[in-house]
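Worksheet for the structure shown next.
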Amino acid sequence: MEQKPTLETITALAKRRGFVYPTSEIYGGMTSSYDYGPLGAELLRNIRNIWWEEMVSKRPDVVGLDSQILLHPQTWVASGHVEAFTDPLVEDRVTHRRYRADHLIESWLQENPDAEPVEVEGLDIGDMARLIERLGIESPEGNPVTAPRHFNIMFETAIGAVAGEKARVYLRGETAQGIFTNFKQILDSTRVTLPFGIAQIGKSFRNEITTGQFVFRTLEFEQAEIEYFFDPEQTKWQTLFEGWKETMWRFVVQTLGVREENLRWRRHTDRERSHYSHETVDLDYAFPFGYKELWGLAYRTNYDLRQHQEHAGTKLEYTDPYTGRRFVPHVIEPAAGINRFFLMLLCDAYWEDADNQRTVLRFKPSLAPYKAAVFPLLKNRLELVQKAREVFDLVSPEMATTWDDRGNIGKRYYYQDEIGTPFCITVDFDTLEDDTVTVRDRDTTEQVRVEVSELVGYLEGRIGRRCLC
Ligand code: ATP
């Protein structure tokens with residue numbers, strides 16, 4: 001069994017090597033907010049692109065969408081978010097710091113393993129109040145806390161420059177609502193027929209109470225959601241639901257290369273399920289702080305379309321092309337977080353080679369920020385540098401490639417291992433004689449000589465997927 005990295009190890013590597021930085025660090029940072037550095041930006045882009053390729057481009061039954069972050073405010077009234085998109089909040093009675101009640105209970109239970117076992121996920125606000133009272137749960141500062149209350153996590157802002165004319169709007173709390181509000185346009189302007197999905201990747205915002213879980217839970221994050229519409233009289237929701245479970249599992253295990261033993265399904269209890277859902281399961285990953293949701297799958301019935309139909313006064317019906325029957329389709333929603341994929345991949349790929357004292361991010365090559373690194377053996381030998389530039393110019397149009405001429409070759413390998421570059425290409429004196437280069441494999445450290453004319457084909461074969469995602 002390999003030892004798992006701690007969250008501190010991952011956070012430190014991410015910062016040291018330019019994957020993730022605390023937002024506005026020069027001003028002291030901001031709670032639950034992170035920026036993605038040069039390598040993080042590449043990894044995020046690869047995750048997004050691979051997800052889009054698999055879920056949209058390669059599927060005949062899914063189309064894409066890119067809707068606004070600011071939607072008509074009635075959207076969120078209709079969807080129930082203004083009323084019910086809340087987290088249970090408690091406040092330290094002395095310091096007035098705020099905590100998410102369920103998370104506070106969970107960490108208290110972890111610190112008090114002898115206490116009675118409690119399944120926290122399904123508790124409602126009343127249960128939590130009673131539990132806090134009965135077990136005497138205090139804030140992390142050791143003070144009593146208030147009874148939990150519902151705290152709405154939608155972010156509010158306003159449109160309009162003139163005071164008094166400002167209209168209250170919300171930064172979207174999920175990308176899904178942009179899909180529902182465009183449902184009719186998509187039906188009218190494209191050739192889709194049921195069952196079909198509409199997919200969207202984009203930023204969502206939640207005024208999260210919990211802090212300290214790195215990019216797992218942030219105020220601003222990226223979602224990748226699909227609303228998969230169907231006719232419940234033609235297709236059983238259970239069949240589609242099972243199909244999506246298989247698709248999600250396959251994507252994480254086969255496409256992203258994550259180890260199966262770190263994944264599990266968890267079904268939501270009746271009390272835990274969101275207001276719109278008839279059935280929900282989470283695909284959880286074993287993060288350093290325990291199994292947590294990576295990707296949710298919910299059967300939202302036709303709740304959202306019916307709500308919008310009612311509030312907007314516009315029919316959101318589908319007409320069966322064969323029977324002419326009109327109805328509001330039902331929907332199954334796989335909803336993932338790109339940033340949670342990102343954190344999962346850092347954790348899953350992290351590997352320490354105790355013998356060689358190497359730290360390696362063993363990403364699947366298709367996900368690695370750089371597929372190849374090109375080095376001139378010595379940076380002060382013009383002929384080596386010139387030849388290495390030629391090699392770089394040959395490889396870089398075909399795949400994300402980086403250049404490194406700092407320090408000795410050993411240090412360069414060490415650095416590239418730590419950022420997960422699968423292949424390092426060295427131009428040395430033999431290259432000038434026989435036009436071959438050394439290609440070193442990140443995982444095995446094996447080195448082979450490859451002819452420059454065959455280099456791109458060789459790398460593409462090893463990467464096994466279109467390299468520029
Ligand atoms: P959680 O229970 O962890 O708060 P959720 O059930 O509220 O998550 P959903 O509403 O199902 O999350 O959102 C779909 C996906 O969006 C989640 O599976 C997760 O990957 C991602 N996500 C949700 N909230 C955040 C956040 N604050 N930061 C990063 N990703 C998030």
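Indexing begins at 1, ligand by ligand and atom by atom, following the structure's order.
Atoms CZ and OG, on Phe155 and Ser204 in that order, are 11.5 Å from each other to the nearest 0.5 Å.
Environment of CZ in Arg97: sparse, with no more than 12 heavy atoms of neighbouring residues, nucleotides or ligands closer than 6.0 Å. Within a 6.0 Å sphere centred on NE2 of His311, heavy atoms belonging to other residues, nucleotides or ligands number more than 12. Within 6.0 Å of atom CD in Gln68, 12 or fewer heavy atoms from other residues, nucleotides or ligands are found, so the atom counts as exposed in its surroundings.
For ligand 1 and Gly296, the ligand atoms under 4.0 Å from any heavy atom of the residue are 18 (O).
Remark: of the listed residues Pro148, Pro88, Pro140, Pro140 is the sole one forming a side chain to side chain contact (heavy atoms under 4.5 Å, CB included) with Leu104.
Between Arg340 and ligand 1, at least one N/O pair is under 3.5 Å apart. The shortest N/O to N/O separation between Gly337 and ligand 1 falls below 3.5 Å. Geometrically, ligand 1 and Asn339 share no nitrogen or oxygen pair separated by less than 3.5 Å.
If you check which protein heavy atom lies closest to atom 4 (O) of ligand 1, you get Arg217 NH1, 2.7 Å. In terms of protein heavy atoms, atom 15 (C) of ligand 1 is closest to Ala335 O, 3.6 Å. At the top of the distance list for atom 28 (N) of ligand 1, counting protein heavy atoms only, stands Thr218 N, 3.1 Å. Considering only non-hydrogen protein atoms, atom 27 (N) of ligand 1 sits nearest to Glu208 OE2, 2.7 Å. At the top of the distance list for atom 18 (O) of ligand 1, counting protein heavy atoms only, stands Glu293 OE2, 2.6 Å. When hydrogens are left out, the protein atom nearest atom 29 (C) of ligand 1 is Phe216 O, 3.1 Å; that is the closest non-hydrogen contact.
Taking the side chain as every heavy atom from C-beta outward, Lys184 and His308 never approach each other to under 4.5 Å. With a 4.5 Å cut-off on side-chain heavy atoms, Asp348 and Arg362 do not count as touching.
A heavy-atom separation below 4.0 Å is found between Leu294 and ligand 1. Contact analysis leaves Phe341 out of contact with ligand 1, as no non-hydrogen atom separation drops below 4.0 angstrom.
Neither the backbone nor the side chain of Ala298 comes within 4.0 Å of ligand 1, counting heavy atoms alone.
For atom 10 (O) of ligand 1, the candidate residues are Glu174, Arg206, Gln223; the nearest heavy-atom contact is made by Arg206. Selection from Phe221, Phe205, Phe342, Phe85 by nearest heavy atom to atom 26 (C) of ligand 1 gives Phe221.
A distance-only check finds no donor-acceptor pair linking the side chain of Glu220 to the backbone of Phe205 [under 3.5 Å]. Checking side-chain atoms of Arg462 against main-chain N and O of Pro422 turns up no donor-acceptor pair under 3.5 Å.
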| Check against salt bridge (charged side-chain N to carboxylate O under 4.0 Å, His left out), Glu42 and Arg45 | CA-CA 5 Å; Glu42 295 290 339; Arg45 201 168 65 90; 3.2 Å; yes
